[in-house]
Amino acid sequence: MRLAIVGATGLVGAEILKVLDERNFFITKLFLVASKKSKNKKLSFRQKSYTIITISELLDEKIDLALFSAGKNVSKEWAPQLAKKGVKVIDNSSFWRLNDKNKLIVPEINGHLITKEDMIISNPNCSTIQLLMPLAPLHQKFKIRRIIISTYQAVSGTGELAVQQLKNEEKKIKSEMAYPHFIYQNVLPHCDEFNDNGYTKEEMKLTLETNKILESNIGITATAVRVPVVRGHSESVNITFENKFNLEDIYKTLNCTTGVVVFDDVSKNNYPMPINTMHKDDVYVGRIRKDFSFDKSINLWIVSDNLRKGAATNTVQIAEYLFKNKIL
């Protein structure tokens, strides 16, 4: 297993290295790739030092699998070049997600769709992954007709610059800003750029990626909000089903879903929060209750570490699926 990580110096790249180590992913040769400004820097993995190389240098190496987390422009240019050389690519950017020829994969939900012919496999948006982990099994059983989503997203979803902005503002230090406004002690109803339709790209990712993975005719609307939390996205989700249900069936379905943890006991103030899901791979669900204002509807509160299951862990799980099923 000759493995490359493209974007190894970023937040997600660093998390991928941690997850690979924690899950004892089999590697015979590792290449750590970043931009020219990081060339020749050193990173440590499994008590061994690695020198950062550029992606153009990577093309000269023999590798089996490349994990991309370096932005859509890098993925657009370089993923096809590696794929032409027979290298499987798992991409964290948004560039390939809605392409009809590229699979959008959450292994627990649709990993079985991957074939040997799939050379560039997309990792969904972090908010989409944590949304669909509990919703996919509910859709199978009760058939979802509409979803209303409000997200409360951590600054690490934007990147290192945003994390530094939050920390510097807390210390009253002036620095480069990732956002158009202060984020410390503030809430921005603005994740990613605005489209002509008034929705942000993040909101449309939630909509279009969910439709691609679950079902195209599910009605979805989303509002994505940035909050002053370093890591861990939260989502308030209202779901309307086609079939009748009772809450006992909802709990039973979610409790039987691998990768989902039901944490819901309001009598003890137990509900998911970013602070208690940090560095964990599971998706946590709580505040499960019927929507008394609309028939066949429920409300859920969903929280997950966006750098783990939302990015690094899901990427590594796809790689594990390829390896286990001899698709590489």
Side-chain angles (χ1 to χ4, degrees), residues 1-71 74-75 78-79 82 85 87-93 107 121 123 126 129 154-168 175-176 178 230-232 274-275 277-282 304-324 328:
M1 173 61 71
R2 296 163 296 190
L3 177 71
I5 300 175
V6 180
T9 57
L11 287 177
V12 175
E15 204 68 31
I16 287 174
L17 283 170
K18 291 179 186 176
V19 175
L20 288 168
D21 193 33
E22 289 172 13
R23 298 173 74 94
N24 296 313
F25 189 82
F26 177 69
I27 301 170
T28 55
K29 197 166 186 180
L30 179 64
F31 299 91
L32 300 184
V33 183
S35 62
K36 289 181 180 178
K37 67 180 182 180
S38 295
K39 178 179 164 63
N40 293 327
K41 287 184 179 178
K42 304 287 186 180
L43 283 180
S44 179
F45 178 71
R46 292 178 180 169
Q47 299 181 326
K48 183 178 177 181
S49 180
Y50 290 86
T51 302
I52 298 291
I53 64 172
T54 64
I55 195 161
S56 58
E57 292 174 306
L58 181 65
L59 287 180
D60 297 326
E61 303 288 349
K62 275 192 171 185
I63 60 172
D64 303 299
L65 178 64
L67 311 182
F68 270 63
S69 187
V74 173
S75 296
W78 296 99
L82 286 169
K85 293 184 61 179
V87 179
K88 294 277 189 185
V89 174
I90 302 172
D91 181 38
N92 264 286
S93 84
I121 300 163
N123 203 55
C126 48
I129 292 173
V155 295
S156 56
T158 305
E160 183 61 42
L161 180 61
V163 174
Q164 287 305 313
Q165 178 183 336
L166 174 59
K167 291 179 178 179
N168 287 335
S175 62
E176 186 180 356
V230 173
R231 61 192 289 169
I275 201 167
T277 59
M278 199 180 299
H279 305 293
K280 296 178 181 177
D281 291 325
D282 291 322
S304 184
D305 187 325
N306 55 296
L307 296 180
R308 298 288 292 204
K309 183 56 179 171
T313 302
N314 201 71
T315 300
V316 174
Q317 286 176 316
I318 296 172
E320 289 172 338
Y321 187 91
L322 297 177
F323 188 75
K324 181 181 177 181
L328 282 170

Quick one: pull up [atom1] in [X] and [atom2] in [Y] and give me the separation to the nearest 0.5 Å.
{"X": "I318", "Y": "L322", "atom1": "CD1", "atom2": "CG", "value": "7.5 Å"}
{"X": "L20", "Y": "E320", "atom1": "CG", "atom2": "CD", "value": "8.5 Å"}
{"X": "E15", "Y": "R308", "atom1": "CD", "atom2": "CZ", "value": "5.0 Å"}
{"X": "T313", "Y": "R23", "atom1": "OG1", "atom2": "CZ", "value": "6.5 Å"}
{"X": "H279", "Y": "K18", "atom1": "NE2", "atom2": "NZ", "value": "6.5 Å"}
{"X": "I27", "Y": "L65", "atom1": "CD1", "atom2": "CG", "value": "9.5 Å"}

Least distance between heavy atoms, [X] atom then [Y] atom:
{"X": "V155", "Y": "A162", "result": "O-CB, 3.5 Å"}
{"X": "F45", "Y": "L17", "result": "CE1-O, 3.2 Å"}
{"X": "A66", "Y": "L82", "result": "CB-CD1, 4.0 Å"}
{"X": "N168", "Y": "S175", "result": "ND2-OG, 2.9 Å"}
{"X": "P107", "Y": "N314", "result": "CD-OD1, 3.2 Å"}
{"X": "V316", "Y": "F25", "result": "CG1-CD1, 4.5 Å"}

Open item on the list: Given 3.5 Å as the limit, does a donor-acceptor pair link the side chain of S156 with the main chain of V230, or not?
Closed with: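 Yes; at least one donor-acceptor contact below 3.5 Å.
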
Open item on the list: Would the distance check show the side chain of D305 and the main-chain N or O of G232 forming a donor-acceptor pair, the cut-off being under 3.5 Å?
Closed with: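 Flag not set: sc D305 to bb G232 has no pair under 3.5 Å.
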
Given [X], which of [options] fulfils the side-chain contact (heavy atoms from CB on, under 4.5 Å) condition?
{"X": "F68", "options": "V12, I90, V33, V74", "answer": "V74"}
{"X": "L32", "options": "T9, I5, I53, L58", "answer": "I5"}
{"X": "T315", "options": "L67, I121, D91", "answer": "L67"}

Task: side-chain contact (heavy atoms from CB on, under 4.5 Å) between N306 and R231, intermediate numbers included - done: CA-CA 7 Å; N306 55 296; R231 61 192 289 169; 3.9 Å; yes

Task: Audit row: E57, F31, side-chain contact (heavy atoms from CB on, under 4.5 Å) steps and yes/no - done: CA-CA 10 Å; E57 292 174 306; F31 299 91; over 6 Å; no

Open item on the list: Could you check whether K309 pairs with D281 (Lys NZ or Arg NE/NH1/NH2 to Asp/Glu carboxylate O, under 4.0 Å)?
Closed with: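 So K309 does not pair with D281 through a salt bridge.
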
Task: Pair R2 + E61: basic N to acidic O under 4.0 Å - done: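 Looking at R2 and E61, the cut-off is not met.
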
Task: Side-chain H-bond candidate by donor/acceptor type, T51 with K41, under 3.5 Å - done: no

Task: Stepwise side-chain contact (heavy atoms from CB on, under 4.5 Å) test for V89 and W78 - done: CA-CA 10 Å; V89 174; W78 296 99; over 6 Å; no

Open item on the list: Would you say that more than 12 heavy atoms from the other residues, nucleotides or ligands in this model lie under 6.0 Å from the NZ of K39, or not?
Closed with: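 Atom NZ in K39 is packed in, count exceeds 12.
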
- [ ] Check whether more than 12 heavy atoms from other residues, nucleotides or ligands sit under 6.0 Å from atom CG of L161, and answer yes or no.
- [x] yes

Task: Side-chain heavy-atom pair K85, I63 within 4.5 angstrom cut-off - done: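 Side-chain contact under 4.5 Å: no.
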
